[in-house]
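In what follows, a structure is listed as structure tokens, so that the remarks can point back to it.
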Amino acid sequence: MTRFYVTTPIYYVNDVPHIGHAYPTITADAVARWHRLLGDETMFLTGTDEHGLKIQRAAEENGVTPQEQADKTSQRFRDAWEQLDIANDQFIRTTEKRHHVAVQELLSRAKANGFIEKGSYAGHYCVACEAYYIDDDLIDGNNCPIHERPVDWLEEDNYFFKLSALESELTEWLNSDTVFPEGKRNEALGIVKLGLDDVSISRTSIDWGIPVPWDDGHVFYVWYDALINYATAVGFGNDEAEFGKWWEQSHHIIGKDILRFHCVYWPAMLIAAGLKPPKQVHVSGFLLLGGKKLSKTGLTQIAPADLVEDFGVDGFRYHFLRDVSFGPDSEFSYEGMVSRYNSDLANTLGNLLSRVATVVTKKCDGIGPKPNPDSPLRPIAEQSYRDAAVAWDQFQSPVALEAVWNLLRETNAYLERNEPWKMEAGSTEVATVLGDALEVLRLAAILASPALTRGSTAIWQTIGLSGSPEEQQLPAAAEWGQYPGGLAVAKNAPLFPRLKVEDAS
RNA sequence: GGCGACGUAGCUCAGUUGGUAAGAGUGCUCGACUCAUAAUCGAGAGGUCGUGGGUUCAAGUCCCACCGUCGCUACCA
């Protein structure tokens, strides 16, 4: 049996879930769903990153413990993902015991291998921020950029990770088909080529973190704790055999803002600990709003819940999977979302289902006929599956979905050419045409199910099939001609009612 | 400053290692149809592929410069 392991970034609980979090999460969910259709043993991980100064400080401000603070905000992410039909197999939290064990184990191994040593870090320190700043950040050369008051020159003992010793290993890893798309791999190579400094991985100034096992006064700096979650979740430090099996198939989905950490630091940490670097890292671009990065700060924040209210779960998921390609930045707009929903979901797919159901009702007494083995739609459907399979394998959801919609458009054209509504009721001609269309709907329900978690099941039931599209297994289920015929086809209300632009908020 | 990415039809985007007369969806125009969610189908208009050079028999695709946009250069995640 093939295994497949996919992860999203773990999200920092200092923030509320927004569409910038939703996009990589939906992509990972869809890719995981595709692999389940293929019958792969699949592990899909997401979670929250809960240590660090910001959480500690937020907790103090709210008069709660850091753990309570983390509990509350972590739950928001769980709720958000539930709303979006995210079917993750695990939800990891970096405050879990198993994670502490894994972090201490992994970094102890790196230390034993000579990649961690003590040093001291010195820098401009703002007491109010409890943080260091580099020269370029300072205002007028000596003032904290946030508090605008003088910083102190402070020195503290830290443990350093000897990143500089791993340049050749990293270059080799980056050159072996690991980071996608290629442009992002080049960026990572560029970072390595510029020369890597050793990085400080512990702090003595805060205590909301995972203790350094060999030195009581230190906790690990939040990044070096966070990255390890991907290993923790599949058994590292707990069940080595299990870990090994999953880790061979690890795929990380990240945003380009954290490329440095996932394509340089993280593989280096794994190598230092004597482990394999990740199998693949897929780097997405940013969502842009009017050409500007959709960041966690400012007015650009858009709550997934608001969009789900307008577009439904399917409309929300479909938009991101269809319109946001993996790699370059993408423009997000409400109008674009409406347009995509109407053209693809309401018109091409939803309307096809409606017209087929109506004609079956009128011409076949509501009983769906069998498809024609030699249908002209057959080769198109087969190509559609092949294209989708390749695209999903490359995490290219827009290409995969376009392949399915091409089949749907061809089917609308096929109906137009044959005009079954003009044919004699009960004739073999009308049965053939409608059987083919029903077969396409069966296929589309399966192939679109990673995106349309609800609509695909609705189609399945409307055309009289039992069970659900998610239970089907590819590639066998994609073979033409499996719609059995003789099933009652329901004439329901429109599956995806058209949206009017005036609905825009 | 250094490094990098991007700039292709009104809009959102595809365009493998340079090679049939530049593509899709959407929008627009015209026509058809009226089974269907003012849906569908067909036809058409629409691009000097940011600008200027260069390499080549041949460049959107390689090289250089410039313009524009953005990102990284964080011990914030």
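In what follows, every chain begins at residue 1, and chains take the letters A, B, ... in the order their sequences are listed.
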Which nucleotide, B/rG4, B/rA36, B/rA77, lies nearest any side-chain atom of A/Tyr12? B/rA77
Taking only side-chain nitrogens and oxygens of A/Lys422, does any of them come within less than 4.0 Å of OP1 or OP2 of B/rU34? yes
Could you tell me how far apart A/Asp344 (CG) and B/rC11 (P) are, to the nearest whole angstrom? 20 Å
Tell me yes or no: between the side chains of A/Tyr159 and A/Asp215, is some donor less than 3.5 Å from an acceptor? yes
Which nucleotide wins on minimum distance to the side chain of A/Arg260, given the candidates B/rU73, B/rA36, B/rU37? B/rU73
Is the shortest side-chain N/O distance from A/Tyr221 to OP1 or OP2 of B/rC76 below 4.0 Å? no
Between A/Thr95 and A/Glu50, is there a donor-acceptor pair closer than 3.5 Å when you use the side chain of the first and the backbone of the second? no
For B/rG4, does OP1 or OP2 lie under 4.0 Å from any side-chain N or O of A/Asn186? no
Picking from B/rG71, B/rA77, B/rU26, the nucleotide nearest the side-chain atoms of A/Val222 would be B/rA77
Do A/Asn351 and B/rA36 share a donor-acceptor pair, side chain to base, under 3.5 Å? yes
Tell me: CZ of A/Arg417 to P of B/rG42, nearest whole Å? 8 Å
Do A/Phe77 and A/His21 have ring centroids that are under 6.0 Å from one another? yes
Of the residues in residues 388-412 of chain A, which ones touch RNA chain B at a heavy-atom distance under 4.0 Å? A/Glu402, A/Arg409, A/Asn412
Could you point out which residue of A/Lys422, A/Glu416, A/Met423 forms a side-chain contact (heavy atoms from CB on, under 4.5 Å) with A/Glu419? A/Lys422
Could you tell me whether the phosphate oxygens of B/rU37, OP1 or OP2, come under 4.0 Å of any side-chain nitrogen or oxygen in A/Arg355? no
Candidates B/rA77, B/rU37, B/rG42 - which lies nearest the side chain of A/Ala346: B/rU37
A/Arg498 side chain, from C-beta outward: closest of B/rA39, B/rU26, B/rC76: B/rA39
On RNA chain B, more 5' by nearest nucleotide between A/Lys491 and A/Glu419 is A/Glu419
What nucleotide, of B/rC33, B/rA5, B/rA77, holds the atom closest to the side chain of A/Trp421? B/rC33
Classify the nucleic acid contact of A/Lys193 as base, sugar-phosphate or nothing, counting any heavy atom under 4.0 Å across all strands shown. nothing
Looking at every strand, decide which applies to A/Thr358 at a 4.0 Å heavy-atom threshold: base, sugar-phosphate, or nothing. sugar-phosphate
Nearest to side-chain heavy atoms of A/Ser354, which nucleotide of B/rU37, B/rG25, B/rG4: B/rU37
Check this for me: does any side-chain nitrogen of one of A/Glu187 and A/Lys193 sit under 4.0 Å from a carboxylate oxygen of the other? no
So that I know where these two stand, are A/Phe316 and A/Tyr23 an aromatic pair - ring centroids less than 6.0 Å apart? no
Closest to side chain of A/Phe261, choosing from B/rC76, B/rA36, B/rA77: B/rA77
For A/Phe496, report the nucleic acid contact type (base, sugar-phosphate, nothing); a contact means any heavy atom under 4.0 Å. base
Enumerate, atom names and distances included, each donor-acceptor pair closer than 3.5 Å involving a side-chain atom of residues 218-228 of chain A, sequence neighbours excluded.
{"from": "A/His218", "atom 1": "NE2", "to": "A/Asp157", "atom 2": "O", "distance (Å)": "3.2"}
{"from": "A/Asp225", "atom 1": "OD1", "to": "A/His99", "atom 2": "NE2", "distance (Å)": "2.8"}
{"from": "A/Asp225", "atom 1": "OD2", "to": "A/His51", "atom 2": "ND1", "distance (Å)": "2.5"}

A/Gly350 near the nucleic acid: base, sugar-phosphate alone, or nothing, with a heavy-atom cut-off under 4.0 Å? base
Please convert RNA chain B into dot-bracket. A pair counts if it is Watson-Crick or G-U wobble with both distances under 3.5 Å; crossing pairs go in [ ] and bases paired with another strand get |. (((((((..((((.....[...)))).(((((.......))))).....(((((..]....))))))))))))....
Against the side chain of A/Glu416, the closest entry in B/rU40, B/rA36, B/rG4 is B/rU40
Test: A/Glu60 and A/Arg57 ion pair at under 4.0 Å: no
So that I can tick it off, tell me whether A/Arg409 and A/Glu402 are bridged by a salt bridge, with the cut-off set at under 4.0 angstrom between side-chain N and carboxylate O. yes
How is A/Asp323 classified with respect to the nucleic acid when contacts are heavy atoms under 4.0 Å: base, sugar-phosphate, or nothing? nothing
Is A/Asp71 salt-bridged to A/Arg93, cutoff N-O under 4.0 Å? yes
Indicate, with a heavy-atom threshold strictly under 4.0 Å, whether A/Leu495 touches base, sugar-phosphate, or nothing. base
Assuming nearest nucleotide by heavy-atom distance, tell me which of A/Val199 and A/Glu182 is located more 5' along RNA chain B. A/Glu182
